[in-house]
Amino acid sequence: TGCSLSALCPEDAFECGNLECIHKDEQCDFINQCTNGEDEAYCGSCDFESGMCGLTQSVYDDFDFIRQTGQTASYGTGPSTDHTTNTADGHYVYIESSYPQRSGDVAEIMSNVYKGSAPKCRLTFAYHMYGRNVRKLEVSILSTVTNTRKTVWEHSGNSGDAWFETAVQIGAQNMFQVVFSASVGSTAGDIAIDDISFIDCSPGNFYGPADCSFESDFCNYLNQQHEDNFDWTRIQGTTPSWDTGPGYDHTYNDTFGHFAYIETSYPRIPDDKAILTSPWIKTENPATGIYAGYNCSFSFWYHMYGDDVDSLEVIMKTTAGNTTIVTEKGNQGNEWKEGSAVINEHDAARFMFVGTRGASFSGDIAIDDISVKTCLITPLCNDKDFMCLTTPKCITPYKVCNFYDDCGDGTDENSCGDCDFERDYCGWTSPENYRLWARFRGSTFTNGTGPDTDHTTGKAKGFYMLFEAHLGVRQGEEGYLTSPVFMESSANCKIDFYYHMKGKNMGILELFIVNENGAKTSLWKKDKEQGGDWNYDTARIGHKRNFYVQFVATKGLGSQGDIALDDIKFTDCAVGPSANLTIKSMAANKTVGVDTDVVLDFTYDGAPLAYVTWMKDGEALPASPRFTVGMDGSLSISQTAAEDSGVYTVKISNGFSEATGQTKLIIAVGSCDFETNLCGLKLSYKPSFYFERTQDSGLTDHTTSGKGYILALKTNNPGGY
């Protein structure tokens, strides 16, 4: 007697409820460690018959979901039965779209935090969207590691008075939550969900950096940007060409699953190659702890169906060179087959899938479910570093787009603005007006304007960037073509380019440089017709830090005003080391109260521009939105808490030299100078007298010996304080 279950379990344990304890980290991991399944019962799977099953209402939305039986409150909208039992006695959750809700209001429910999921993980649920003013239902994945959110499914509008079932690919995730978001259109816009379930989500074997089922994306695989002619494509269902390619994926064996393939129809020609490359990995044998040997295998599934299938080759690239580990040729029939190879001992390796186009379009090749087995696989680079393509090398982010070939193979500068547009955009983007600037080849759609060939090849098959003035573009409308962000440029830096401005209705082409604060400075400008040829020009950039350049095209009066760009190149822009980095000044030691905003700043000398890293007590900063690093490298801490006390170290490095500085921050609980806020102190209130933070008491404060803030007793007497 006198015992309780909680006394049997340590503080870091989950109580199963049957005199059984498991570690808290084993809850919500898609594996029933409790014999009664309690560790997975309140995570998110739910038919709502007994409650919300651990689903919680978001605190960041406008109103809440309601658990309901039978008909919803509004006429002409919502279900009259649940999905589970198909009776008026069954339960579901829904949003009530009538007053006081307004159009655009959003309600959200969230699952518990799942510890991770397998590549095949799928979410299934039933939804009911009936009513003339139904708006939208979304499902998103919230990563609790990176605090980022990604929409994975959405549906809008009236779907009729019926329940529909759907499946959503979750794939391999680290710690995450599933979020259901329903938005209000107007009255008669109720949205309901029921029978939430997770399928094939138990992580099981480790999902390594070289494994991929292609369900969510290309994982860590990249289409190679050189030494091939076209790219692999991720797809679901049937490939576009007749009598070639699979009609379903290997992972799920259905048309909803995804795989990667090469499309061999036009404009592909015989012997064109596409290369898909894994990240660099380190392989160890878990039994011996040494690099992989005789029992470490690389496997994948392939589909090679069509009269003119050529070949699929898998090459393992190591520091010692390239080794072909799998080769398959010709028509293998309309089925998925497994390919595999033993990996010999290597300290670093990556895998390249080389698909070759045959004599005709009937030669699609597909791959799926790549894995490395019986090995302890770790990525060569951490998540923040850039991984070089052809050399096993990791470089820090500040060395990307710094005008140096730090990788030795040019891959860190491949998408940094130098571009002939023959293969892709080379890092140039047009997010605001994506339809205005486009990669194009041949003659434009309007007579009397635009080029007939590109500048690079001088042929109609060559590519260039085009601002098309005809396709529904209004007079004065602008299109923005934006470079990547550059860390720093030299005093001699310039940009060379070719432009084409032919047409009687020509508008304006202008080049700007944009600094870290968004301020724009014009570097170059042309208006009016410039003839029917490609014209060369250059503009000086000079010594700048944290900047990008932007071409802005403006439509003139009429459709004969196409503007084109080609062969953009940055010249003499690399910054050499002019002086070793040194910390000139460092924020003084600070003592502040809780709930205070603090900035730890510093200044430094040296070039090139330094990459800044902050640490607390010798370790990485806590993952918290309260910690932000500014463009100048300063560290801002908002709403300080007691645990923020410590020694803060800033490290600056530019690849040539580095330097460090330190400062100490003490959070004095109960201490306050009242200059910023009340430092977390709670003040009671009585109508006759009360304390108030003020600088208008008529008294001189102690902190500044002037008109600073103090805590004064406010009374109802004449004079007030």
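Just so you know, residue 1 is the first one in the sequence shown, and it goes up from there.
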### Query
Are D194 and T84 close enough, and set up right, to give a side chain to side chain donor-acceptor pair (under 3.5 Å), and what steps lead you there?
CA-CA 7 Å; D194 200 1; T84 313; 3.3 Å; yes
#### Entry: Steps toward side-chain contact (heavy atoms from CB on, under 4.5 Å) verdict (W163, T81)
CA-CA 9 Å; W163 285 97; T81 67; 4.3 Å; yes
### Message
side chain to side chain donor-acceptor pair (under 3.5 Å) for S58 and D61? Distances and angles first, verdict last.
### Response
CA-CA 6 Å; S58 172; D61 57 1; 4.5 Å; no
### Message
side chain to side chain donor-acceptor pair (under 3.5 Å), that's the test. Do S74 and T72 meet it? Break it down for me.
### Response
CA-CA 6 Å; S74 302; T72 63; 5.5 Å; no
### Task
Kindly indicate, with the supporting measurements, whether the criterion side-chain contact (heavy atoms from CB on, under 4.5 Å) is fulfilled by T628 and I637.
CA-CA 7 Å; T628 57; I637 308 173; over 6 Å; no
### Task
Check step by step if side chain to side chain donor-acceptor pair (under 3.5 Å) holds for D82 and H91.
CA-CA 6 Å; D82 78 329; H91 292 77; over 6 Å; no
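Side chain of E20 to main chain of T35: a donor-acceptor pair is present (N/O by atom type, distance under 3.5 Å, no hydrogens or angles). Judged by distance alone, the side chain of Q57 and the main-chain N or O of F65 form a donor-acceptor pair under 3.5 Å. Checked by atom type and distance alone, the side chain of S430 pairs as donor or acceptor with a backbone atom of Y480 at under 3.5 Å. In terms of modelled atom types and a separation under 3.5 Å, the side chain of N223 and the main chain of L276 share no donor-acceptor contact. Y221 places a side-chain N or O within 3.5 Å of a backbone atom of A210 that can act as its donor or acceptor partner. A donor-acceptor pair under 3.5 Å is formed between the side chain of S97 and the backbone N or O of S186. Here the side chain of E40 pairs a donor or acceptor atom with the backbone of F30 at under 3.5 angstrom.
Contact detail for V106 and S181: the closest heavy-atom pair is CG1-CB, 4.3 Å. The shortest heavy-atom contact between S241 and E263 is OG-OE2, 2.6 Å. Closest heavy-atom contact between S80 and Q71: CB-OE1, 3.3 Å. Here the closest non-hydrogen pair linking S111 and C43 is CB-O, 3.3 Å.
In summary, the side chains of H258 and D249 do not present any donor paired with an acceptor at a separation below 3.5 Å, with no hydrogens or angles considered. Side chains of T264 and D364: a donor-acceptor N/O pair is present below 3.5 angstrom, by distance only. Between the side chains of R149 and S140, a donor-acceptor pair is found at a separation under 3.5 Å.
Using a 4.0 Å cut-off between a side-chain N of Lys or Arg and a carboxylate O of Asp or Glu, R122 and E165 do not qualify as a salt bridge. The pair K616-D644 does not meet the salt-bridge criterion, since no charged nitrogen lies less than 4.0 angstrom from a carboxylate oxygen. For the pair K24 and E26, the salt-bridge criterion is not met [side-chain N within less than 4.0 Å of a carboxylate O].
Rounded to the nearest 0.5 Å, atoms CD1 (I170) and SG (C201) are 7.0 Å apart. The distance from the CD atom of E154 to the CG atom of L137 is 9.5 Å, given to the nearest 0.5 Å. For the atom pair E96 CD and T77 OG1, the distance stands at 8.0 Å (nearest 0.5 Å). We find the CZ-CZ distance between F63 and R102 to be 11.0 Å, quoted to the nearest 0.5 Å. To the nearest 0.5 angstrom, W232 atom CH2 is 11.0 Å from T277 atom OG1. Going from atom NE2 of H83 over to atom OH of Y127 covers 11.0 Å, rounded to the nearest 0.5 Å.
If you run ring-ring contact (aromatic ring centres under 6.0 Å, His included) between F353 and each of F218, W301, F300, only F300 comes through.
A heavy-atom distance below 4.5 Å is found between the side chains of F14 and C34.
Cys pair C53/C46: SG-SG separation is below 2.5 Å.
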